[in-house]
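As the structure is a computational prediction, the values presented were derived from the model and not from experiment. Heads up: numbering here begins at 1 and tracks the sequence. Worth knowing before you read on, the calculation uses all heavy atoms, side chains too, and leaves out hydrogens, waters and symmetry mates.
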Amino acid sequence: MNRKNNPSPAPLEGHPFSRRSRRLGRALSLALSLVVLVALSWGCANMGNPEGGPYDMTPPRFIGGTPDNRATSVSTTSLRLRFDEFIRLLNQQEKLIISPAQHQPPRISAHGKVIDIRLEDSLRPHTTYSFYFADAVVDNNEDNPLEDFDYTFSTGESLDSMRLGGVVLDARTLEPVGGLVMGVYYKDEVSDSVFRTSPFVFVGKTSRMGRFSIRGLRDSVYRVFALKDDDNNYRYSMQTEGLAFDGVDWSTSLLDSLRTDTIRIDSIVRRDTIRRDSLITKPHTYYYPDSVLLRYFVAQDMRRGLQKHSRVDSLLCRLEFVQEQDKAPLLRSLERPEVEADELYVASVQGRVVDYWLKDGGLISADSIRFALTYAKTDSLLRLSEQTDTLTFYKPREKASAKTKVEPQPRPKLTLKLETLGGVFSATPKDRLYLVASAPLAPPGEGAIILEASRDTLYKSIPYRFEQDSLERLRYEIVFERSYGHSYRVRIDSAALSSIYGSVNDSTGLQMRLSRESELGHLSMEVVGLEGRVMLELLDKSGEVLAQQLALDSTAAPGGAASGMVADSVSASYTPLKNGAAPDSTGAEASLPVLQTEFRDLKPGEYYLRLYIDRNGDGVWTTGSYPDRQPEEVYYCSELLSVKKGFTTTERWEPLAKPLHQQKPEALRKTKPEKVRERVDKNVEYYRRMEAKAKK
């Protein structure tokens with residue numbers, strides 16, 4: 001039979017063999033799909049996750065502006081800066097500096113690849129405008145900063161490109177001062193009043209570390225000023241505003257040269273080697289002056305006057321003044337004009353507060369008393385004049401006794417407190433012993449205060465003087481001779497002392513022991529290169545002043561420096577500060593003046609040293625005053641001074657040998673340099689992975 005011509009008939013629909021075939025086919029198809037899927041998954045796993053390419057490590061690139069950068073004859077106030085990628089502005093308010101000063105804040109926005117600037121002030125004719133962004137412009141994704149970016153244009157036919165820069169330090173602490181407005185005036189425009197009446201035109205701003213740069217200047221001669229511009233008017237209009245000036249004429253100049261920079265090639269192109277940097281040399285212009293040093297200060301508050309008066313209780317009247325008082329103003333009683341003030345009250349001064357403790361019975365019992373006070377007062381223009389006011393003091397209401405219904409007589413409790421000087425000289429022969437009372441004391445009787453000294457265990461009475469403070473009349477010093485290694489104790493028995501109101505004290509006492517001389521050390525200093533009245537300050541590790549001492553000429557009598565006595569005469573000659581520069585080193589060191597001092601009886605430890613030139617001879621550092629006076633010069637010894645027990649540490653210090661901004665020890669600096677954010681090249685790891693894959 002011919003099979004080709006007679007094929008077998010197909011299985012009938014619904015036949016069991018037909019259903020079995022279809023099931024087998026579907027199973028085989030599903031198995032094949034699973035095998036293909038597993039194979040594909042295994043292959044993908046072997047290939048690894050797909051790389052997204054290297055990270056973008058390049059900063060944005062400025063590609064042009066409208067008007068062009070460094071354009072001249074510009075008349076539009078609408079500016080547009082274009083970049084090659086999407087950008088953002090970081091810390092714009094802090095970093096962007098616009099010169100000339102803008103009295104109406106400009107509108108600045110960053111969107112997409114552009115920065116739009118709309119100036120609200122009218123453009124000045126023949127003026128160069130500078131927009132210094134520092135590193136405020138960053139790309140949108142990785143925050144790569146475009147560093148030291150500036151944009152300038154001129155409304156005139158030429159572009160002024162000069163700059164000047166430097167640093168501003170606090171005159172007292174030599175700390176950098178940030179956030180100040182820097183400004184210049186042309187030398188020919190400077191007068192005593194220009195800083196107060198004429199706003200800055202060209203401005204800059206100090207960084208956190210006190211650095212500044214003023215750009216877009218004409219090649220000329222300038223005076224430089226710094227200002228804490230609280231009212232944003234770019235001039236010294238309020239006495240409370242801090243300032244700095246130096247009175248030096250600064251001439252601008254420039255030098256075209258070359259500068260070598262280190263760059264990371266990884267951030268520019270992909271390469272095979274990832275562990276090598278590259279050096280490039282490119283043209284660079286240096287602008288001078290670049291080391292202007294200004295010393296910032298706040299002028300002494302010249303306001304004078306009475307703030308308030310009150311009667312604390314029946315015994316005490318109080319005045320509060322604007323400024324600290326160096327003596328108690330005279331109160332003249334209008335009820336008892338014929339009686340001397342000493343018979344009416346005891347006046348005690350504590351800073352701005354003056355307390356008047358009433359002694360006269362009639363005044364104490366009166367519900368209101370009147371005094372005439374003559375005092376110095378300044379008007380709104382700080383002009384000082386004498387003014388006499390009539391002050392009425394009203395006695396506060398007091399609760400009557402529940403039994404007698406009669407107001408109790410004033411008889412305040414007398415409390416006493418014994419205290420020592422403390423500090424670096426505690427438990428040394430330079431320590432002091434004070435008695436502080438809660439009310440003025442009546443003259444003490446013989447033996448009211450018992451003072452004893454002991455070398456070993458046996459105490460013996462020793463003589464002393466009881467002296468009242470000339471200002472703080474409730475503070476008394478118990479003056480006596482002290483010796484190394486001795487113990488002292490003071491005892492005041494109950495009712496041994498009484499106040500002028502008849503109240504008596506409870507018993508109190510204090511015991512102290514002085515260190516042996518072998519337990520203490522001394523610090524002897526030679527200060528080279530300065531003349532005049534130089535006050536040395538001993539500082540602890542936190543910068544607090546522990547002691548102050550006058551440095552004497554090396555030809556002074558022996559022991560003078562160690563005594564710490566302040567001379568009566570004031571020398572007007574001293575070596576002035578010249579922008580922190582070191583003195584001329586051509587002269588022989590032997591010709592330099594030498595001052596000496598010695599801090600004796602110090603506890604073993606580590607100390608720092610600072611000095612100031614006391615030009616007015618008042619024994620305290622004095623701030624400046626514009627335009628008459630610079631603040632008194634301050635210098636820091638950069639070395640940590642170690643004092644050991646039983647030894648005298650001798651040091652030699654040349655304050656002018658190191659620039660002023662480098663003098664303050666790092667441990668005492670309150671303002672630390674910001675850590676520069678390290679730009680980690682994220683592509684290093686990427687290239688390593690790619691190299692590893694290539695080897696496989």
Side-chain angles (χ1 to χ4, degrees), residues 165-178 206-212 224 226 244 246 248 250 288-297 523-543 545 548-549 551 554 573-597 599 606-615 621 624 630-643 649-673:
V167 64
V168 181
L169 303 178
D170 184 273
R172 180 58 170 143
T173 65
L174 300 192
E175 286 286 320
V177 185
T206 58
S207 68
R208 182 173 176 272
M209 299 308 297
R211 296 283 177 181
F212 70 90
V224 186
D246 62 359
V248 177
W250 295 99
Y288 301 99
D290 61 354
S291 57
V292 177
L293 192 149
L294 299 182
R295 296 181 299 130
Y296 172 83
F297 66 92
L523 176 61
S524 178
M525 293 298 303
E526 289 186 347
V527 180
V528 181
L530 295 179
E531 292 180 319
R533 187 181 172 91
V534 174
M535 303 296 295
L536 276 80
E537 295 176 312
L538 191 70
L539 311 177
D540 63 15
K541 290 186 177 181
S542 67
V545 179
Q548 174 178 282
Q549 208 153 268
S554 59
S573 64
Y574 60 92
T575 304
L577 178 70
K578 183 63 175 177
N579 295 306
D584 186 2
S585 59
T586 58
E589 183 177 339
S591 64
L592 296 176
V594 178
L595 301 175
Q596 291 182 331
T597 193
F599 291 92
E606 294 178 328
Y607 301 91
Y608 290 98
L609 207 62
R610 177 176 68 185
L611 69 80
Y612 64 90
I613 299 174
D614 188 20
R615 289 184 286 171
W621 180 81
Q630 288 284 339
E632 293 178 341
E633 288 87 345
V634 172
Y635 300 89
Y636 275 83
C637 179
S638 302
E639 304 299 325
L640 181 63
L641 306 173
S642 180
V643 175
T649 301
T650 302
E651 298 286 346
R652 187 177 179 87
W653 174 27
E654 296 184 41
L656 299 178
K658 181 178 286 191
L660 198 65
H661 65 280
Q662 298 177 7
Q663 290 191 5
K664 190 167 186 178
E666 186 66 27
L668 297 183
R669 291 184 182 274
K670 303 294 189 270
T671 306
K672 306 288 185 181

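Side-chain contact between M525 and L641: present, with at least one pair of heavy atoms (C-beta onward) separated by less than 4.5 Å. Taking 4.5 Å as the limit, some side-chain heavy atom of R211 sits within range of a side-chain heavy atom of H661. Considering only heavy atoms from C-beta on, L609 comes within 4.5 Å of L538 through its side chain. Under the 4.5 Å side-chain criterion, counting only non-hydrogen atoms from C-beta, L640 is not in contact with P665.
Panel note: side chain Q549, backbone L536; no donor-acceptor pair is recorded below 3.5 Å. T649 contributes a side-chain N or O that, together with a main-chain N or O of S642, makes up a donor-acceptor pair within less than 3.5 Å. Of the possible polar contacts, one joining the R208 side chain to the K672 backbone as a donor-acceptor pair under 3.5 Å is found. No donor-acceptor pair closer than 3.5 Å links the side chain of E651 to the backbone N or O of L523.
Atom SG of C637 and atom CD of Q663 lie 9.0 Å apart (nearest 0.5 Å). Distance CG/L611 to CE/M535: 10.5 Å, rounded to 0.5 Å. Distance check: Q662 CD to L174 CG gives 12.0 Å after rounding to the nearest 0.5 Å.
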Just do the side-chain contact (heavy atoms from CB on, under 4.5 Å) check on F599 and Y607 with the steps written out, would you? CA-CA 11 Å; F599 291 92; Y607 301 91; over 6 Å; no
Evaluation steps, side-chain contact (heavy atoms from CB on, under 4.5 Å), between R295 and V634: CA-CA 10 Å; R295 296 181 299 130; V634 172; 5.9 Å; no
Let's go through R615 and Q630 carefully: what are the C-alpha distance in whole Å and the side-chain angles of both, what is the deciding distance for side-chain contact (heavy atoms from CB on, under 4.5 Å) to 0.1 Å, and is it a yes or a no? CA-CA 10 Å; R615 289 184 286 171; Q630 288 284 339; 4.0 Å; yes
Check the pair T206, V177 against side-chain contact (heavy atoms from CB on, under 4.5 Å), reporting the backbone distance first and the verdict last. CA-CA 7 Å; T206 58; V177 185; 5.6 Å; no
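Under the side-chain hydrogen bond (donor to acceptor under 3.5 Å, both in side chains) criterion, D290 pairs with no residue, sequence neighbours left out. For T671, the side-chain hydrogen bond (donor to acceptor under 3.5 Å, both in side chains) criterion is met by E175, not counting sequence neighbours. Every residue two or more places apart in sequence or in another chain that forms a side-chain contact (heavy atoms from CB on, under 4.5 Å) with K541 is listed here: E606, Y608. For S207, the side-chain hydrogen bond (donor to acceptor under 3.5 Å, both in side chains) test picks out no residue, with sequence neighbours left out. Checked against salt bridge (Lys or Arg N to Asp or Glu O under 4.0 Å), E526 has the following partners two or more places apart in sequence or in another chain: R652. E537 pairs by the side-chain contact (heavy atoms from CB on, under 4.5 Å) definition with R172, L539, V545, Q548, R610, Y612, not counting sequence neighbours.
Shown here for V534 and L530, the closest heavy-atom pair between the two residues is CG2-CB, 4.3 Å. Shown here for L595 and A551, the closest heavy-atom pair between the two residues is CB-CB, 3.9 Å. Between W653 and Y636, the shortest heavy-atom distance links the atoms CZ2-C, 3.3 Å. Nearest heavy-atom pair across A244 and L294 is CB-CB, 3.8 Å. Nearest heavy atoms, P655 versus V527: CG-CG1, 3.8 Å. Contact detail for M209 and P673: the closest heavy-atom pair is SD-CA, 3.7 Å.
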